[in-house]
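Have a look at the structure below, then the notes.
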Amino acid sequence: MTGEAIAFYLLAAVVTAFALGCVLASNIVRMALCLLGTLGGVALLYFLMAANFLGAIQLIVYAGGTLIVIVFGVMLTSRAYGTKLRVRPLEMIGAAVVTLALLAGLTAILVRTAGPVVSPSTPDFGVAQIGTELLSTYLVPFEVISVLLLAVMIGAAYLVQPEKK
Amino acid sequence: MANFTVEDALRSRWSASAKPRAVRTFAVLGIVLAVAALGLGYLASSAPGAGYWLAVLGTALAGVAAMTCLGAAFVIQFSRLVGTWLFRLAFLIFVGGLVGIALLAWVPALLYEQVDAAVADHYGAGATGVLTVADLEAVGWALPTDSIEVRRQGAVGWAPPTDSIDGRGKAVVGSAHPTASFLAYALWPLQFRLTRDILALVGVVGFVSLLAMFTIWWERKVAGRMQSRLGPMRVGGWHGWAQSMADGIKLLQKEDIYLEGADRPLFKLAPYIAFMPALALFLALPFSAAWICRDLDIGLLFILALAGIGVLGVIVAGWASNNKWSLLGAMREACQMISYEIPLGFALLVPVMTTGTLRLTAIGELQAGGFHTWLAFQSPFTLAAAVLFFTATLAACKRAPFDLPEAESELVAGVYTEYSGFRWSLFFFAEYAEMFAVGALAAILFFGAWYSPLPANWGAAWLHGPLWQRALYGILFNGPLWLIFKGFFFLFVQIWLRWTLPRIRLDQVMYACVQVMLPLSMLVLLGATFWALLVPHGSMLAVVANLACTALGVGAVLAIIGIVFYGYSNRRQLVGTLAIEHWPGS
Amino acid sequence: MEDKVVHGQPDLLTDFDRQRVAADDLRTEELLINMGPQHPSTHGVLRLMLRTDGELVLEAIPHIGYLHRCAEKIGENVTPVQFVPYTDRLDYLAGMNNNHGYSLAIEKLCGLEVPERARYIRVLMCELNRIASHLVSFGCYGLDMGAFTPFLYAFREREYILDLFEATCGQRLTYNYLSIGGVTQDLPGGFADKLAHFLDYFEPKIDEYNNLLSYNYIFVKRTAGVGVVSAADALAYGLTGPCLRASGVKWDLRRCVPYEIYDRFEFDIPIGIAGGAIGVPREVVVGDSWSRYFVRMQEMKQSVRILRQALQQLPAGEFRAKVPAALKVPAGEVYLEVEGARGQLGYLIVGDGKKTPRRVKIRGPSFCNLSIATHVCRRVLIADVAAILGSIDVVMGEVDR
Amino acid sequence: MLTIGLTHYLVLAAVLFCCGLYVMTTKRNAVGILIGAELVLNAACLNLVAFSRYRTGRLDGQIAALFVIVLAAAEAAIAIAIFVNYYRLLSTIDADEGRQLRG
């Protein structure tokens, strides 16, 4: 049993538990917290895969993001309507069947097509390399994304601005 | 004056059945945790890679928790004894702590290097292997003379010995000293990374706890002095130094109250969500080039991320309390955090851009050349970034004048309204830990990190001298004491501001962020970019700006010192005759 | 939700206000919050029902009566001399002023003549107590705004005044000192020196506190333009005291309807001044919280002036008129108002020849001043409610009586 | 089983993906659906990083994941803006019923 295996199984359990928490929670704030747990677990998985920068970014961006989700979850819902997310039993069963089937299918395919387990031979990339790559190989998508972010910022501001009467 | 002892605090609290129950609970918990720690430790010793890291974390946390629980059981069982004993020896403990910190500064250099040298001797440079106690016994304990130098230059943290330490002077091998046998047994565990990491984690946990306790007491003393009173004076001997300890014991025994209708799991969880990140960010916070638990190449991002997560605990606490004041406090906290992280991030980008690295030790090492090499004094923009950073951290730590989430005159106690006892104190541990962390971060990023204002190469010769010269070097030029000192300086400024300024209103907080700090920080970042592009290092303009900023910084420090000195020497005149004469009631 | 204009002050909207009004549009649910009876900034057991939209207070409704102690009814069942201690408990921060008003009313009804020295002692005590009361107001207001330190300073100075009171009458809070026909005992030896000493010490301190708190940028930003009460509104709601004067109405009973011996002293009536004048920050609007607060600070200076003059003129002589042991309240009715620390404190006493009055009615200034709270606390932030309440400076003992 | 490889991560990502899918289909709260979407996106990110680590040996996967994270943030911002508008139109929730403002 290697340390990586221990860590992976531990984190996988945590991530799965939190994801299931998201599924089972009926309260929006709890759901958001479970989401945070999942995201944190995934961030640790990134650390496990030596993607340190990505892990940290995940924590920063998603901590902020989840925060907003929670805040709006609190503000936009009330116990009367929002909290008890009433799910129709039929819908629930249907969704469960479909998702479980999908999961089973995916897992089966993944396991069957799994190649031999190889240890990664890649070096651990540093932040500098990511930066260099972003500004050389991936410069175009990088710029596109930044333009998109600007558009999103303006769009969101436009959407929530009070109506002129 | 009769001292208020722990026993006094306990006497009023314990019911007949509570004491044995608490002892039993703590003892059982402690044993379980100890077993868990041992198991995890065993796993960790065999686990390489990231799993090792997790296991170490688990081992250390479980170990600390086990020790805490067993200690609590012991203290509660023998509270009368412990109380009197503790408070008799108050001063000794205090002085011992100070001396301990001073000595600890050289542990990595003196002990770890020694063991590493022994390993290298035995297996050859660059190789790894495990020494037996007998091997260690054969090693003489003369200190490797230039190991400290190597450690300082290497700046490798507590990484495995093989990482970068090469070509260092060999330990002198001599005949077995009478104490060598004992030392060998004591030092044998130090050759394992696991031991060093656990020591580091225990050190971090201990430091954070002591930090919070000390800072709470200190804040009360500072507040008292600013308000022409004495502050805590009774518990303990000297100036009520044990006040936070007694408060802590009191808080531990308080009833854990839940509100009807509160979201209990979240309510219980929230203090931990707030506390754990505040604790964990110390893992990446360097106290000096060698004194760091994990020297991450994304250290700054890591700390920022954890600080962001801690806020979530406060928000969840406010929401789960089922109290409208708490909820309003949580909303304020959310507003404030989301807004102020942006100028904070921009301000942080300036030193990152100047130095070109996110690794905190690397940023720190660049400032070794004395006062004028500190990053804040490199250009007007870095200085502005330092000011912006400090202001934004005030808001991020919800300290006055940005303490809206707990604004006691508006929101009762804001998010903390419904918390009591231990959970309540956890929030404060988190708050003070974070306050110190941002202070230390300000020091690392802008104000010379663990270096004194004197250039570090001035006393370099002392590194090869006897122990006292090395210790003096550590005190005068370079070492964790300097970072702690700087961190506490910024902490003091935070305390000072809190007891001086009124609170800002919510809309003004948002206004200050969005309309003032955000554009300013953007301009500063832009300016710093152009400065880096257009002003070459060593050019006339750069030197002039450097000198001017340094002069400004020196002037500010001298002004503060002058004000303090003036205030202290004229305190009687300043307060007024009446206050001194205690008139006319006496 | 209906009116987008801040009620009663359409021309005083600051940029902040506009932002706040605009923020209204993001409608979230309305929240009913109980501010009090246990709340740090309601100064006692006031309970405010806040109807808020997030942080924005739509309406604040004061609920009072938590400290009702039947003072008026007790007044009808005890003799006037016995009732004096009860008046101490009305406005417990300015007990001397309460004693004063009641004593004056009874004296007027019974036709008692008070000796000169007693009148001067009364003025001394009332003005000292006014300073003490304003100091509490100043300190607590800082506390409401999140500034802790001025509170301790204010209480330090107040402590000296209380020491003076203790030396004089043995009490520090409820004095029972200004009694019917004069004062209960003469001033202790050395009082004049001690008081002069205190005044010399205290007067410069006021400027120090102005520099510390009144002109603090954050403090001004928090209070200036918040809770503006126009002069017309102030008069309509029956505001008196500093609250009225801050709205620009130069009305002080000590000067306008002089009672006791106040016509013998020279002093100014500080009123609220619009921002930009000397010593007034730019943001200040007449009648806002800062004006109310600052009027008190200035009044302390005026009180010091009065105290100095009274101390200089203090005559020798009797300290108390001969009051019949069984004082009967003659048939008739008297209504008398004095300028208390918080405004006009009125006593209506109806006698019918018995030992006890038939009716005692007290006009507590805080009660009327508090009534403006609902009017002003509209479309303000929760933090502003604390600012407004603190600047009105209510004492619940007087509101509930 | 004891050595961790690509398949392990892919299966975990599949689990995450299915959880997210389920949340998206069943929850009726808009914010809940957003949370489901975040789960799905995370599953995708995990895949990208795992492939980058175990197959390509280059940074491309990490950078793609970086883009996904940024896009997810942008998506959340727009989604929340839409929810606010939606709520503004249909704000029929009783204000003073029991625990106000609770989620």
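First the proteins, then the strands, lettered A, B, ... as listed; each starts at 1.
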Q) chain A heavy atoms under 4.5 Å from D/Leu59: which part of the residue, side chain, backbone, both or neither? A) both
**Q.** Interchain contact, A/Leu103 with chain D, by part (heavy-atom threshold 4.5 Å)
**A.** both
Q.
D/Tyr9: which residues meet the ring pair (Phe, Tyr, Trp, His ring centres under 6.0 Å) condition with it, sequence neighbours left out?
A. A/Phe8, D/Tyr54
Q: Could you tell me whether the side chain of D/Leu16 reaches within less than 4.5 Å of the side chain of A/Val42, counting heavy atoms only?
A: yes
Q.
Please identify, among A/Gly94, A/Ala95, A/Cys34, A/Gly155, the residue contributing the most non-hydrogen atom pairs under 4.5 Å to chain D.
A. A/Ala95
Q. Does a side-chain heavy-atom distance below 4.5 Å link D/Asn42 with A/Gln58?
A. yes
**Q.** Separation between OH of A/Tyr46 and CD of D/Gln62, rounded to the nearest 0.5 Å
**A.** 9.5 Å
(Q) Please find the pair of heavy atoms, one from D/Ile63 and one from A/Glu133, that lie closest to each other, and give the distance. (A) CD1-CB, 3.4 Å
(Q) Report which part of D/Leu46 has an atom under 4.5 Å of a heavy atom belonging to chain A: side chain, backbone, both, or neither. (A) both
Q) So which heavy atom on A/Ala51 is nearest to which on D/Val49, and how close? A) CB-CG1, 4.1 Å
Q | Which portion of D/Ala50 sits near chain A, non-hydrogen atoms under 4.5 angstrom | A | both
Q. Who among A/Leu134, A/Thr137, A/Thr107 has the most heavy-atom pairs with chain D under 4.5 Å?
A. A/Leu134
(Q) Counting only non-hydrogen atoms closer than 4.5 Å, does A/Ile145 touch chain D with its backbone (N, CA, C, O), its side chain (CB onward), both, or neither? (A) side chain
Q. Hey, what do you get for CG (A/Leu106) to CG (D/Leu10), rounding to the nearest 0.5 Å?
A. 10.0 Å
(Q) Nearest 0.5 Å, please: how far is CG in A/Leu39 from CG in D/Leu39? (A) 7.0 Å
Q: Grab the two heavy atoms, one from D/Ala14 and one from A/Leu110, that are nearest each other, plus how far apart they are.
A: CB-CD1, 4.4 Å
Q) Between A/Ala96 and chain D, which part of the residue has a heavy atom less than 4.5 Å away: side chain, backbone, both or neither? A) both
(Q) Under 4.5 Å from any heavy atom of chain D, what part of A/Leu148 do you find: side chain, backbone, both or neither? (A) side chain
(Q) For A/Phe18, which atoms come within 4.5 Å of any heavy atom of chain D: side chain, backbone, both, or neither? (A) neither
Q) D/Ile35 and A/Cys22: which non-hydrogen atoms are nearest, and at how many Å? A) CG2-SG, 3.8 Å
Q | Pick from A/Ile130, A/Leu20, A/Val111, A/Thr16 with the largest number of heavy-atom pairs that fall under 4.5 Å of chain D | A | A/Ile130
Q: Enumerate the residue pairs fulfilling salt bridge (Lys or Arg N to Asp or Glu O under 4.0 Å) with a member in residues 16-37 of chain A, sequence neighbours excluded, ordered by first and then second residue.
A: A/Arg30-B/Asp263
(Q) To check you understand the geometry: which heavy-atom pair defines the closest contact between D/Arg53 and A/Met49, and what is its length? (A) CD-O, 3.3 Å
Q: Search all heavy atoms of D/Cys18 against all heavy atoms of A/Thr99 and return the closest pair with its distance.
A: O-CG2, 2.9 Å
Q. Can you tell me how far CE of A/Met31 sits from CG of D/Leu34, rounded to the nearest 0.5 angstrom?
A. 9.5 Å
